[in-house]
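This is the structure I want to talk about, given as structure tokens.
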Amino acid sequence: MSEIQVMDLNIMHTIASGQPLTFHAEYDSGAGIVKYNNGTQLVMIEQRAARTKVRIEARDQNQAAIEFSKRFRLSDNMKKIYSAINTDAFMDSAISNYGGMRLTLNDPWETTVCFILSQYNNLKRIRRIVLELKERYGEASTDGSIAFPKPERIKAASEAELKDCGMGFRARYIKSAAEMCTENIDLHALTGKGYDNVKSNLMEICGVGEKVADCIALMGYGELEAFPIDVWVKRTMEKVYFKGREKKIDKLMDFAEEKWGKNRGYAQQYIFWNGMNVVKR
DNA sequence: ACCCAGGCGGGCG
DNA sequence: CGCCCGCATGGG
């Protein structure tokens with residue numbers, strides 16, 4: 001057992017907010033406990049009521065603490081980021097509602113799968129599909145928890161078997177993504193190559209368009225310039241900044257770059273989550 | 001019953 | 001180019 005000091009971190013909001021980690025971590029909001037397999041082992045993180053200390057339990061404490069710190073982006077200076085994205089009353093309320101919500105930095109392959117599954121879908125069902133994939137194809141760690149399945153394992157499954165996990169028409173994309181990522185492109189090699197480069201390479205994958213590529217760039221590679229625009233972000237931005245008038249994606253992208261600059265990926269996460277849960281339709 | 005979901009690829013004008 | 005359509009599935 002070890003404790004680490006954290007600032008501007010709210011695990012509850014982070015875990016709830018529709019990111020890859022969300023889709024397989026178990027979270028007990030009453031106890032303030034998250035459990036997830038970090039790729040090699042089971043990790044338990046406890047944070048009571050947005051406190052500044054979290055407790056970590058894992059077989060290999062050191063590895064768990066390092067991975068946790070990276071995955072929850074603890075080295076981000078949130079004071080600076082908030083001052084960059086708190087540009088108006090709407091952003092101010094979003095930050096006040098969900099302060100401490102972090103972007104997470106996830107495995108690129110896992111992120112790719114999660115966001116291919118996200119298209120024309122909803123959070124609840126994405127989560128179920130991801131859990132199903134893990135149960136069927138995931139690899140058990142020695143502590144019994146299950147790691148997200150590697151592309152080799154997904155590739156070995158038939159499209160019909162994948163469809164059986166409830167993913168519908170996305171099975172074709174998942175299957176071909178697994179093939180590409182084992183044969184044609186090395187996802188890990190894209191790390192640190194820069195936003196434009198990462199994004200254009202990701203879009204080579206069938207089933208990965210602009211929005212999904214932005215999600216992967218943001219949450220799988222930590223490219224904070226990525227600004228994924230889904231139906232909620234679009235709706236919310238139109239309502240808040242354009243008097244409810246419809247705007248094209250490109251227009252909204254330019255607006256975001258202008259308004260929130262290099263940290264616009266963080267702005268997007270707050271717009272998305274506050275838009276979906278508070279502004280609603 | 002009907003509409004929608006963290007969109008995308010393909011086809012058409 | 002831009003626009004429009006179908007797509008599997010489950011929940012509101």
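First the proteins, then the strands, lettered A, B, ... as listed; each starts at 1.
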Nearest whole angstrom, please: distance from the P of B:dG9 to the CZ of A:R172.
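So the CZ-P distance, A:R172 to B:dG9, works out to 9 Å.
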Tell me, with the steps shown, if A:K234 and A:E238 meet salt bridge (Lys or Arg N to Asp or Glu O under 4.0 Å).
CA-CA 6 Å; A:K234 184 167 187 293; A:E238 286 167 349; 2.8 Å; yes
DNA chain B: 5'-proximal contact among A:M276 and A:G207 (nearest heavy atom):
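First, find each residue's nearest nucleotide; the 5'-ward one identifies A:M276.
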Rounded to whole Å, CD1 of A:I126 lies from C1' of B:dC4 at a distance of 13 Å
Contact class for A:M203 vs. all strands (heavy atom < 4.0 Å): base, sugar-phosphate, or nothing?
nothing
What is the ring orientation for A:Y98 with A:H13, classed by angle as parallel under 30°, tilted 30 to 60°, or perpendicular over 60°?
perpendicular
Taking the inter-plane angle between the rings of A:F227 and A:W260 on a 0 to 90° scale, is it parallel (under 30°), tilted (30 to 60°) or perpendicular (over 60°)?
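Answer is parallel, since the angle falls under 30°.
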Considering every strand and a 4.0 Å limit on heavy-atom distances, what is the contact class for A:T22: base, sugar-phosphate, or nothing?
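Result for A:T22 = nothing.
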For A:R235, answer base if it contacts any base atom (sugar-phosphate contacts may also be present), sugar-phosphate if it contacts only those atoms, and nothing otherwise; contact means non-hydrogen atoms under 4.0 Å.
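The answer is sugar-phosphate, as A:R235 gets under 4.0 Å only of primed atoms, P, OP1 or OP2.
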For A:K155, is there an ion pair with A:E183 - N to carboxylate O distance below 4.0 angstrom?
yes
Aromatic rings A:F169 and A:Y173: how do their planes relate, parallel, tilted or perpendicular, breaks at 30° and 60°?
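The rings of A:F169 and A:Y173 stand perpendicular, inter-plane angle above 60°.
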Atom CD1 of A:I174 and atom P of B:dG9 are separated, to the nearest Å, by 13 Å
For A:L123, which contact category applies under a 4.0 Å heavy-atom criterion: base, sugar-phosphate, or nothing?
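Base: the residue A:L123, judged by heavy atoms under 4.0 Å, touches a nucleobase.
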What one should report as the nearest heavy-atom pair of A:T111 and A:I216 is CG2-CA, 3.8 Å
Footprint string (nucleotides 2-12 of chain C, 5' to 3'): B base within contact, S backbone only, - free, heavy atoms under 4.0 Å
-S---BBBB-S
List the atom of A:A226, the atom of A:D214, and the distance in Å for their closest heavy-atom pair.
CB-O, 3.4 Å
Rounded to the Å, how far apart are A:I116 CD1 and B:dA5 P?
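Roughly 21 Å, once rounded to whole Å.
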P atoms of C:dA8 and B:dG11, separation to the nearest Å
15 Å
At less than 4.0 Å, is any side-chain N or O atom of A:R281 found next to OP1 or OP2 of B:dA5? Yes or no.
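A:R281 to B:dA5 OP1/OP2: side-chain N or O found under 4.0 Å.
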Can you check the A:K280 NZ to B:dA5 P distance for me, whole Å?
15 Å
Assign A:G209 to base, sugar-phosphate, or nothing according to its heavy-atom contacts below 4.0 angstrom with the strands shown.
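Contact class for A:G209: sugar-phosphate only.
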Can you tell me how far P of B:dC4 sits from CG of A:D230, to the nearest Å?
15 Å
